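This structure is a prediction, so every number in the text was calculated from the model and none was measured.
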There are 4 protein chains.
Amino acid sequence: MIDFRSDNTGRAAPQVLDALVRANHGTALGYGGDDWTAALQRRFSELFETAVRVFPVATGTAANALSLASVGPSWGIVYCSEAAHINTAEANATGFFGGGVKLAAVAGSHGKIAAEPLAETLAAISPGQLHRGQPSAVSLTQASDLGAVYTLDEIHAVAEVAKARGLKLHMDGARFANAVARLGCSPAELTWRVGIDIMSFGATKNGGALCDAIIVFSPGIAEGVAVQLRRAGQVWSKMRFASAQLIAYIEDDLWLEMARSSNGMAARIAEGLRDIRAACLLAPVEANEIFLELPSTTMDALEADSFQFYRRSRSLARFVCRFDTTEAEADALVTALRRHLVHSHSVAAGR
Amino acid sequence: MIDFRSDNTGRAAPQVLDALVRANHGTALGYGGDDWTAALQRRFSELFETAVRVFPVATGTAANALSLASVGPSWGIVYCSEAAHINTAEANATGFFGGGVKLAAVAGSHGKIAAEPLAETLAAISPGQLHRGQPSAVSLTQASDLGAVYTLDEIHAVAEVAKARGLKLHMDGARFANAVARLGCSPAELTWRVGIDIMSFGATKNGGALCDAIIVFSPGIAEGVAVQLRRAGQVWSKMRFASAQLIAYIEDDLWLEMARSSNGMAARIAEGLRDIRAACLLAPVEANEIFLELPSTTMDALEADSFQFYRRSRSLARFVCRFDTTEAEADALVTALRRHLVHSHSVAAGR
Amino acid sequence: MIDFRSDNTGRAAPQVLDALVRANHGTALGYGGDDWTAALQRRFSELFETAVRVFPVATGTAANALSLASVGPSWGIVYCSEAAHINTAEANATGFFGGGVKLAAVAGSHGKIAAEPLAETLAAISPGQLHRGQPSAVSLTQASDLGAVYTLDEIHAVAEVAKARGLKLHMDGARFANAVARLGCSPAELTWRVGIDIMSFGATKNGGALCDAIIVFSPGIAEGVAVQLRRAGQVWSKMRFASAQLIAYIEDDLWLEMARSSNGMAARIAEGLRDIRAACLLAPVEANEIFLELPSTTMDALEADSFQFYRRSRSLARFVCRFDTTEAEADALVTALRRHLVHSHSVAAGR
Amino acid sequence: MIDFRSDNTGRAAPQVLDALVRANHGTALGYGGDDWTAALQRRFSELFETAVRVFPVATGTAANALSLASVGPSWGIVYCSEAAHINTAEANATGFFGGGVKLAAVAGSHGKIAAEPLAETLAAISPGQLHRGQPSAVSLTQASDLGAVYTLDEIHAVAEVAKARGLKLHMDGARFANAVARLGCSPAELTWRVGIDIMSFGATKNGGALCDAIIVFSPGIAEGVAVQLRRAGQVWSKMRFASAQLIAYIEDDLWLEMARSSNGMAARIAEGLRDIRAACLLAPVEANEIFLELPSTTMDALEADSFQFYRRSRSLARFVCRFDTTEAEADALVTALRRHLVHSHSVAAGR
């Protein structure tokens with residue numbers, strides 16, 4: 001079996017688990033009062049070139065929902081892409097943790113929000129109107145849920161519209177490493193320097209094991225996050241085991257190295273498909289995911305070939321590269337796709 | 001420093017971390033669709049001698065709040081001890097996850113609920129009364145938050161009252177291992193056989209690392225738990241790393257061995273204090289915690305001696321033994337206490 | 001000024017207020033334990049030809065949100081029209097009272113849900129999938145928020161799809177009287193006989209004053225409604241003053257007489273516009289609302305003529321007839337529209 | 001039957017209903033955009049000698065819960081008396097609307113909070129502690145739920161402690177009129193001048209019909225109240241009918257006149273009981289309620305005499321005077337009590 005199902009079906013980076021095991025000595029104050037968690041604050045503040053607060057959490061859903069619950073009132077409206085994970089796949093955690101917060105979809109391409117439709121949406125709700133809830137935040141998924149990456153300019157344009165209305169900016173960075181690797185910019189440039197107030201910092205999908213993190217850039221938000229995390233059962237008493245993982249994750253650019261690898265494999269596949277006319281990509285391949293429109297018979301054939309992947313609809317397949325996806329695996333997929341698509345194309349053309 | 005602060009300041013059992021590391025091979029379906037999580041269901045069903053559903057979660061707070069949110073409506077009242085962790089130390093997570101569920105304290109000794117005051121409380125709310133919320137569940141902390149252990153008969157008596165009114169029964173088993181080790185009964189006898197519908201199964205305080213679990217005994221509850229966990233951000237995508245820990249935790253009676261050790265050290269300390277008249281215990285020492293009424297000057301002196309422990313009030317100290325607390329550490333504490341208490345007693349008596 | 005802004009800008013029927021005043025004698029048990037509220041149960045059970053539970057509430061938002069909170073779990077998904085009041089104008093009350101319930105829009109014409117897209121939506125969520133929340137209910141707005149009315153067949157088709165999946169059916173009957181008057185069927189035929197489990201029974205928009213009601217058809221739901229209403233602050237202690245209003249509202253077919261009148265005025269206007277080619281209706285006029293696409297200059301001109309109405313967008317005007325809208329007012333609007341539209345059309349055509 | 005059950009079993013003042021009926025002319029903008037609601041703001045601002053925001057709501061439960069939901073975060077702790085209506089009789093509405101807000105009881109006499117135990121409670125929670133939720137507000141019930149009235153000094157002392165910790169102050173004024181009438185001070189002196197930020201202004205229990213109100217004194221709170229009321233289904237579209245009631249309620253001191261009357265009847269009863277040694281009052285009679293410890297046989301006898309009242313326990317009876325309770329009714333109660341208590345006392349003494 002060759003597994004392209006998801007970046008969460010994969011292993012953890014050995015370095016991450018080694019760090020966890022190495023943290024197992026002596027006693028340490030609970031609930032984040034330990035040396036590892038203190039070091040975590042310093043390392044991430046260095047990484048982001050500003051003083052940040054880092055809160056390890058168990059999952060990306062927790063990171064997203066609790067971030068969004070902390071940046072606005074329970075009657076807030078959070079704008080996001082129709083395709084955003086918070087909108088399609090988190091069992092309405094944002095509405096739940098936010099005490100009624102409503103998600104509203106804003107148009108844009110490839111799983112991204114565009115500035116202009118956001119501006120139009122906001123213009124249609126005048127500040128005095130109480131019957132809809134109140135615009136409170138924008139959530140950007142970087143990389144997007146369709147495998148695209150916001151440019152700095154795109155984020156800047158959205159941020160400008162949002163900030164003009166006093167909205168907070170959240171980034172769902174479940175695949176933040178892939179976006180940084182893609183753009184070659186610094187983590188700071190991609191976040192607080194362009195107006196992000198709070199982010200979900202993903203590790204699990206990129207070689208992590210059991211934790212992601214919330215990173216708070218804007219002062220005044222962190223206190224609410226801290227107590228909400230406690231109430232949410234997201235504060236490990238033996239926090240050192242989580243903090244140690246996250247420190248190892250960014251040490252020596254491990255996280256970027258892994259993201260470069262998974263991005264590279266996705267790009268290799270996309271490159272391999274370039275000359276296959278029947279291979280229709282749903283979005284540009286800018287991170288580690290490939291969304292390909294395929295006849296269901298082709299999907300059947302791929303599975304018969306022992307490829308694993310997700311069918312997002314009857315005619316849409318998703319292939320995800322992990323940090324340890326190999327060139328051989330990537331090439332095998334291209335070869336199989338070429339065989340099935342060119343063949344079926346020829347057959348169809350021959351009819 | 002000799003650390004008696006908490007059972008969460010300690011290390012994890014090496015076996016637990018080894019299992020986590022050993023799970024790091026190959027790919028596996030996310031969100032609990034993996035082989036380790038399937039094995040977890042089997043092992044715990046064997047352990048409890050009945051088919052159970054096991055849901056790994058990050059913390060005991062999550063286990064408690066989500067268990068209680070799953071056994072009654074949002075307008076329910078959950079009865080617990082005044083001293084219960086859910087009431088004193090979880091930032092009202094039960095009220096939050098329960099959508100407004102209210103905790104109500106019921107009297108009893110040593111952090112336990114007694115059957116008679118529960119019966120009286122229930123008798124005072126007639127079923128038709130809508131203005132108070134509706135009695136829905138009872139939560140028993142086993143071992144209690146004051147270091148005592150419910151006997152089977154005590155649980156049976158509470159369960160009988162609760163079931164007669166149609167209430168569900170939850171056990172907060174953050175220190176369940178200590179209770180089983182103390183009573184020498186089977187896990188089944190202490191839970192579903194005496195009417196427990198759902199439990200929080202603690203591992204962290206007893207040599208675990210990053211997960212506890214919810215165990216569901218009563219059919220019909222598990223579906224709600226499953227979707228609520230997802231919404232709560234408590235379902236790891238790489239679940240195998242959690243399930244592997246929990247399997248190792250119960251393998252070869254590791255969990256009971258560790259609990260016997262920490263119980264034994266607490267008993268050793270209690271035994272050492274028996275003939276010190278000034279050593280006044282708040283509750284019988286039946287698990288791994290010792291609550292001792294001490295003058296604050298004695299607490300100062302112990303800290304000066306390099307002992308670490310928590311001051312629960314100006315005159316109440318808590319000492320907790322971990323699975324790796326040594327006889328030497330226990331004896332050192334007894335010696336120090338003897339020195340300070342007998343000395344100050346003599347001084348006081350001599351006045 | 002001639003007011004077509006809304007059916008809530010109008011007076012109450014004198015009979016409704018008379019009944020309220022007549023209830024002001026003697027003492028009566030609070031919170032609905034009075035004779036008026038008992039009579040209310042009987043009268044509505046007669047009206048609906050089955051034993052119903054009636055709960056007076058202050059507003060339609062309360063009726064909708066609390067109905068929906070009572071028919072499914074907090075992780076439920078409620079399907080409704082994109083245009084539904086619960087989705088566009090109630091400040092996410094459904095999400096709030098439902099503890100996180102999510103609204104999902106289903107396609108259809110003129111503010112109605114159609115059976116086929118509902119079936120497709122449901123087919124795309126398999127029962128085991130936990131990451132989206134769980135389909136729990138369908139809410140039908142009758143008459144719709146665009147002034148159309150579901151036929152019995154349309155409701156039947158939606159109900160069949162919903163019931164096959166075990167979903168509950170809610171009817172938002174803020175303008176239920178208008179729908180009954182339009183269809184000429186019985187209240188029973190339009191509700192429980194076609195599968196409605198619970199409804200919001202509107203009175204305010206149709207000559208009521210300070211209350212609407214929740215009507216429960218399906219046994220097993222009412223208990224949850226009762227306690228949730230208490231918690232929601234929707235149970236008046238002097239309930240008789242609400243119940244008396246609702247009894248008067250349906251007495252001697254007053255409610256239908258008023259609805260026939262407002263429907264009739266809307267039909268009169270629509271009829272008057274029939275031969276004006278530039279008068280483009282957004283939806284068929286089947287109740288008491290008219291949605292007309294108009295140039296903003298025409299809207300300006302109408303306002304200069306002293307007509308009051310709402311601009312739903314730059315090119316969409318809404319005109320609502322009340323039970324006491326007169327033929328003279330209706331005719332005046334037609335005359336003015338004719339003048340402006342034919343004139344501007346001629347001007348435009350002459351360019 | 002002579003009814004002493006509650007002040008909510010009674011009639012409304014005819015003036016209040018007259019005003020409601022008189023508001024039934026012409027059309028008016030919905031949801032509070034009408035002239036009556038504008039006038040309401042002015043009249044109450046005059047009454048309270050400062051610019052206030054007044055929000056009519058359906059019930060006191062709504063007023064309390066939404067006030068408290070607006071003065072602190074969802075992880076807040078609200079301190080109140082054990083006997084407070086919000087704690088004993090509102091189905092945990094505060095926890096629900098507050099999104100998890102927790103009520104904590106503070107000691108004091110006769111249903112009041114005292115400053116010293118509040119100070120001690122707050123001192124035991126250090127600001128950094130996250131595991132309990134965060135102290136956010138204090139709720140004072142004036143008059144108290146046991147019929148006592150806070151003096152200005154008592155409120156001042158509680159306010160000083162609360163404000164020193166940054167807590168907001170809420171007054172549950174379900175019987176505010178009775179307290180003002182008792183103390184003879186101005187509404188301003190009893191509220192914002194002594195630090196109250198927001199209050200529930202009761203009318204229903206004192207001659208109102210279908211509405212109470214939230215009054216906001218502190219700027220910055222009102223916006224959150226406004227949108228939360230909308231979401232709570234507490235904003236009538238035909239608001240004029242509520243506002244007109246509240247205006248009439250305070251016009252020409254009607255509210256105080258009614259409260260003086262009900263207070264007077266309660267005082268007359270208390271005075272009548274003074275020389276009956278067996279008549280044991282639970283609290284001083286300072287408003288319109290009398291809590292009397294009585295043998296259950298005496299309660300049986302009173303009921304046989306056609307008196308209606310509530311049994312709060314087997315040995316505690318509550319008698320409430322309404323604005324239209326007559327001297328004859330009050331005297332009849334005294335006579336009956338004298339007969340039963342002196343008789344049973346003599347019999348008991350004679351044994």
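With a threshold of 4.5 angstrom between heavy atoms, B/S6 does not approach chain A through any atom at all. Heavy atoms of B/V57 lying under 4.5 Å from chain A are absent altogether. Using a 4.5 Å cut-off between heavy atoms, A/A58 touches chain B through backbone and side chain atoms alike. When heavy atoms are compared at a cutoff of 4.5 Å, B/D3 approaches chain A solely by way of its side chain, counted from C-beta outward. Heavy-atom distances place no part of B/A65 under 4.5 Å from chain A, backbone and side chain included. If you measure heavy-atom distances from A/N92 to chain B, the contacts under 4.5 Å come from the backbone alone.
In terms of heavy atoms, A/S237 sits closest to B/N8 at OG-CB, 3.4 Å. When all heavy atoms are compared, the tightest approach of A/D7 to B/K238 is O-CE, 3.9 Å. Nearest heavy atom pair, residue B/R11 against residue A/R240, reads N-NH2, 3.6 Å.
Here A/G208 is the residue among A/C211, A/A63, A/G208 with the most heavy-atom pairs under 4.5 Å with chain B. Ranking A/A93, A/A28, A/A232, A/G95 against chain B, the residue ahead of the rest is A/A28, based on heavy-atom pairs under 4.5 Å. Of the listed residues (B/G33, B/G60, B/G26), the one with the most heavy-atom contacts under 4.5 Å to chain A is B/G26. Of the residues considered (A/A12, A/P14, A/G30), A/A12 shows the highest number of contacts with chain B, using heavy-atom pairs under 4.5 Å.
Side-chain atoms of B/R322 and A/T27, non-hydrogen and from C-beta on, do get closer than 4.5 Å to each other. Counting heavy atoms from C-beta outward, B/L29 and A/R5 have side chains that approach closer than 4.5 Å. With contacts defined as side-chain heavy-atom distances shorter than 4.5 Å, the pair A/Q234/B/Q234 qualifies.
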Applying side-chain contact (heavy atoms from CB on, under 4.5 Å) to A/T59 and B/V235, what does each step give before you reach the verdict? CA-CA 7 Å; A/T59 67; B/V235 181; 5.7 Å; no

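Between A/W236 and B/W236, the ring-plane angle classifies as parallel under the 30° and 60° cut-offs.
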